[in-house]
Structures are given as C-alpha cells and as structure tokens.
2 protein chains.
Amino acid sequence: MRERARAQMRTEILDAAREQLAEQGAGGLSLRAVAREVGLVSSAVYRYFDSRDALLTALIVDAYDALGRTVEAAEAQVPRADLLGRWRATAWAVRSWALEQPHLYALVYGSPVPGYAAPQDTIGPATRVTRLLVALLHDILDAGPPQVADVPVTGPAAEGLAPLVEFMGPDVPPDWALRGLMAWTYVFGAVSLELFGQRVGAVVPELRGEVYRWETDRVAAWLGLV
Amino acid sequence: MRERARAQMRTEILDAAREQLAEQGAGGLSLRAVAREVGLVSSAVYRYFDSRDALLTALIVDAYDALGRTVEAAEAQVPRADLLGRWRATAWAVRSWALEQPHLYALVYGSPVPGYAAPQDTIGPATRVTRLLVALLHDILDAGPPQVADVPVTGPAAEGLAPLVEFMGPDVPPDWALRGLMAWTYVFGAVSLELFGQRVGAVVPELRGEVYRWETDRVAAWLGLV
DNA sequence: GCGCTGTCAAGAGCACTGCTCTCGTCGTGG
DNA sequence: CCACGACGAGAGCAGTGCTCTTGACAGCGC
C-alpha cells in the first residue's frame with residue numbers, strides 16, 4: 001500500500017538527484033535542492049536516505065547497473081563467434097555510455113570522495129562489465145589460445161593476480177588474467193582520461209571516437225583477436 | 001620588502017591547504033579552515049586567492065610541477081641509452097608519486113569539479129611527464145624503429161592525432177603518436193584506476209606494485225623495447 | 001466505530017561553508 | 001611628514017548537511 005508511495009517517492013528523489021547531478025556534478029549535489037525539486041522539505045528526505053552520502057551511494061549503484069545493462073545489450077547483439085566484434089562492441093558501449101552520462105561515470109570511476117568507503121552494495125553491480133570481458137576471454141582461450149610472444153607472468157605478480165584468477169575461473173592461467181586486467185584497464189583508463197580532460201591538447205575532440213576505435217583495435221590485436 | 005611577506009604568506013596558505021587536502025580531500029578543503037590554520041580570518045585569505053577555486057588551481061599547478069620534477073629526476077638517473085630502463089623509471093615514478101600524494105594526484109587526474117574549466121595556467125606544467133615520454137619515443141625511433149606488426153593508422157584517426165603529432169615533432173609518424181598516446185594512457189589509466197579503488201577485488205593490495213611492473217613491461221614490449 | 005501506534009512531512013535550529021562589504025591599522029613611497 | 005594603498009578583522013548574507021521536535025494522517029486491533 002503505502003509501500004508503493006514510499007518506493008515511488010524514493011525513485012522520485014533519485015531522479016531529481018540524477019538530474020541535479022547532470023547539471024552540477026557530484027560536488028554540487030545539494031540534498032536541500034533535490035528536496036525542493038520534489039516538493040519536500042529537506043528533513044523529509046532523510047526518511048528515505050540516511051545522508052547525502054547514502055543518496056550518492058544509491059546513485060552509484062544504479063549507475064553501475066545502467067552501465068552494465070547498456071554494455072551487455074550492445075555486446076549481446078554481436079554473434080557469439082565474432083570475438084573481435086564482441087570486444088569492439090563492449091569497448092565502444094563503455095565509452096558511449098560514459099559520454100552520455102559523464103557525471104554518473106565520474107561518480108563511479110572518478111576520484112572517490114575521501115572518507116567515502118565504497119559500501120558492499122557497490123561491489124556487486126560493479127562486476128557486470130568485468131564479467132563480459134571475462135566471458136570473452138574464456139571464449140578466446142577456448143578458440144585456441146593465440147600466439148603471444150611474452151614471457152608468462154610468474155612470481156609475486158602471479159600471486160598478486162590470484163583473486164582475479166579465482167574470479168575468472170581457476171582454469172585461466174595467470175598470464176591471461178594479466179592480459180584481461182590490462183585490456184580492462186585500457187578501456188576504462190582511456191575513457192576516464194578522455195572524459196576528465198587529459199587529452200585536451202592531444203587529440204582533436206570530434207575525432208576522439210575514431211582514435212578510440214584504433215586504440216581498442218590495437219588492444220584487440222595485442223589480445224590476439226584477428 | 002613586503003613582497004617577501006606576501007609571498008611567504010601565500011606559500012604558508014598553500015602549505016596549509018595541501019595539508020588539509022591530504023586529510024580531507026579536495027571536496028572537504030575549506031577556505032575558512034586553512035585560514036584558521038595560518039592564523040587568519042577567512043576574508044583575509046581572499047587577499048591572496050580570489051576564490052576557493054583559485055586556491056585549488058594553484059594547488060593543481062604545483063602538483064603538476066611536483067610530479068613532473070619527481071619523474072624527471074627518476075628518469076634522469078638512468079643512462080640515456082637504456083631505453084627500457086628509462087621507461088620503467090618513468091612509469092614507476094608516476095605510480096610512486098601518486099601513492100605518496102593520492103589527493104594531489106586525484107586533484108590533477110581525477111574527475112574535475114564540474115564547472116571548473118582548467119585555466120591556461122594548468123596546461124603548461126601538465127606536459128612535463130608527457131615531454132619525457134615524447135623524448136623517449138624519439139630515442140626509440142632514432143635507435144631504429146622496432147618491428148611492429150600492426151597496420152599503420154590512417155584516415156580520420158590520423159587527423160585526430162594531428163595536435164599530438166605536432167607536439168611530438170612533425171617527423172614522428174602518426175602511428176607512433178598513437179603508440180605514445182596509448183603508452184601514456186596505460187600508465188595514467190592504471191595508476192588512476194588503482195588509486196581510485198577499481199582494483200579492489202582483483203589484485204592483492206600488497207602486490208599491486210609487482211603487478212604494475214609486469215603491466216608496464218608488457219607495454220614496453222609492445223612498444224618494441226627489448 | 002474508536003482509539004492507538006507508527007510513519008510521514010514540516011519547521012526551527014545548529015554549526016558550518018564561500019564570499020562580500022565595511023572599517024580600522026600600519027607600513028611604504030613621494 | 002603625510003597620504004595612499006595594502007592588509008587584517010569583523011559582521012553579515014545566502015547557502016549547506018543534519019538533528020530534533022511538533023503536528024497530521026493512515027492502518028491496525030478491539
């Protein structure tokens with residue numbers, strides 16, 4: 001009954017917050033302002049979110065979810081056997097979503113607010129895109145591991161990758177965990193740096209998409225894709 | 001005369017700001033609090049910095065400077081002919097500095113405060129590390145461009161890289177501008193993602209340095225270094 | 001149908017922020 | 001020596017996150 005009203009109010013607040021986030025960014029998100037937006041007084045918002053941080057956390061969670069959903073949808077449209085196509089679709093979808101929702105992306109992948117320890121809630125949805133890449137890597141390996149000239153990773157670094165190996169499945173050699181980590185790092189690193197203005201003088205803004213295509217294709221080649 | 005006093009006061013404020021930044025991060029940096037710290041009333045600080053943003057900008061500028069100085073020093077200790085060593089020193093110094101000064105690093109390479117347009121002041125010092133990599137790339141090319149299996153970049157992407165090519169020197173082929181961009185992207189991407197907590201479940205914290213060594217060595221190999 | 005209980009929104013209030021304005025003071029250059 | 005300009009202090013404004021108290025309303029058991 002009033003569960004419904006409550007849930008609706010909650011999403012109404014979140015929508016208003018998302019809107020304000022898009023205009024002024026995480027730092028400028030004012031709980032009082034979103035309260036005004038939805039026609040509430042500031043103290044009433046605390047019935048729905050314990051604090052401003054809690055509101056931000058909720059936004060983060062569903063930003064992860066939205067990104068994951070979008071990328072999954074894009075990747076799913078490519079035939080399973082087209083490994084390069086799946087990689088391209090994934091990489092491109094990440095960047096596209098980030099450019100459409102820059103503030104949400106920044107909220108998730110940007111510098112965390114210090115003193116803000118990511119709650120457990122956020123680590124689950126965070127792995128959705130990761131899972132896609134893991135699946136892709138599995139399929140690459142199953143299709144016969146490509147020739148790679150590098151010396152396989154051993155020693156402490158291999159131990160350091162243990163959690164990742166376990167996540168990917170114990171049959172994955174540490175060397176390919178490293179490759180997966182690096183591919184993942186490249187995609188999100190490139191998107192983040194572009195979005196955060198670190199390529200200002202270096203790449204023509206309108207052509208950054210084209211350059212990104214080449215970058216990710218080089219990574220693909222390095223992964224042994226086609 | 002009182003120039004001295006003014007300059008000293010200015011650096012005193014900056015030091016206090018840096019200190020507070022280290023404790024509470026950019027978002028929590030309070031002009032009034034740094035004023036208290038240096039024994040001033042808040043309005044007096046405005047004699048030295050037009051606004052909180054101006055203070056942050058000053059911090060950014062000398063963060064760029066500090067990072068550049070540190071990395072340059074580390075790289076300079078390696079014999080010029082040891083190209084791989086220079087790459088390793090550079091990559092490692094960036095990460096080390098970032099881990100020592102996480103808040104300063106985040107200020108510079110993290111998500112920018114929206115509405116905060118990086119003033120011209122910041123783009124000069126920003127290129128110091130970049131210059132190191134450019135010089136290294138030149139030396140790699142001079143030593144005889146390594147074999148690379150990739151198809152050279154052409155088309156719109158090559159045009160997109162034009163500003164970077166110009167910065168590196170027109171004799172540099174666009175293909176190597178792309179390689180340089182990607183190496184740069186990898187280093188700062190990896191450091192940023194690690195620092196911003198995106199590797200939490202993936203890599204054992206104490207061994208992240210070891211893993212980073214492998215990552216950057218893979219990039220080096222990809223660049224044709226040894 | 002009535003009253004009770006728990007949920008909700010409102011409002012006042014506290015301590016804090018960035019920033020502006022005014023007003024004394026004091027050192028320095030003419 | 002004196003006037004001017006830089007400087008610091010203080011008050012004040014509008015805004016913030018968050019807490020606490022007060023009043024209204026809905027849903028429940030009797």
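Reckoned from all heavy atoms, side chains included, excluding hydrogens, waters and symmetry mates. Naming: A, B, ... by sequence-line order, numbering from 1 per chain.
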- Message: Using a heavy-atom cut-off of 4.0 Å across all strands, would you classify B:Tyr48 as base, sugar-phosphate, or nothing?
- Response: sugar-phosphate
- Message: Going by side chain to side chain donor-acceptor pair (under 3.5 Å), name the residues that satisfy it together with A:Arg218, two or more places apart in sequence or in a different chain.
- Response: B:Asp175
- List the protein contact pattern of nucleotides 18-23 of chain D with one symbol per nucleotide (5' to 3'): B for base contact, S for sugar-phosphate-only contact, - for none; contact means a heavy-atom distance under 4.0 Å. BBB---
- Message: Between A:Glu159 and B:Arg208, does any NZ, NE, NH1 or NH2 come within less than 4.0 Å of an OD or OE carboxylate oxygen?
- Response: no
- Message: Rounded to whole Å, please give me the gap between CD in A:Gln8 and P in C:dA9.
- Response: 12 Å
- Query: Roughly, in whole Å, what's the span from CD in A:Gln24 to P in D:dG15?
  - Reply: 12 Å
- Identify whether the distance between the nearest side-chain nitrogen and carboxylate oxygen of A:Asp65 and A:Arg69 falls below 4.0 Å. yes
- Message: Rounded to whole Å, please give me the gap between CZ in A:Phe49 and P in D:dT16.
- Response: 18 Å
- Item | Value in whole Å for how far the P atom of C:dA10 lies from CZ of A:Arg36 | 13 Å
- Task: Just say parallel, tilted or perpendicular for the rings of A:Tyr212 and A:Trp92, cut-offs at 30° and 60°.
- Result: tilted
- Message: Rounded to whole Å, how long is the line connecting atom CG of B:Leu55 with atom C1' of C:dC19?
- Response: 14 Å
- Give a yes/no answer on whether the side chain of B:Arg6 brings an N or O atom under 4.0 Å of OP1 or OP2 in D:dG8. no
- Item | Close aromatic pair by centroid cut-off 6.0 Å: A:Phe196 and B:Tyr109 | no
- When A:Phe49 is tested against each of A:Val34, A:Leu31, A:Leu56, A:Leu14 for side chain to side chain contact (heavy atoms under 4.5 Å, CB included), which residue passes? A:Leu14
- Message: Is the phosphate of C:dG18 approached by B:Ser30 (side-chain N or O, under 4.0 Å from OP1 or OP2)?
- Response: yes
- Query: Under 4.0 angstrom, heavy atoms only, what part of the nucleic acid is B:Leu29 near: base, sugar-phosphate, or nothing?
  - Reply: sugar-phosphate
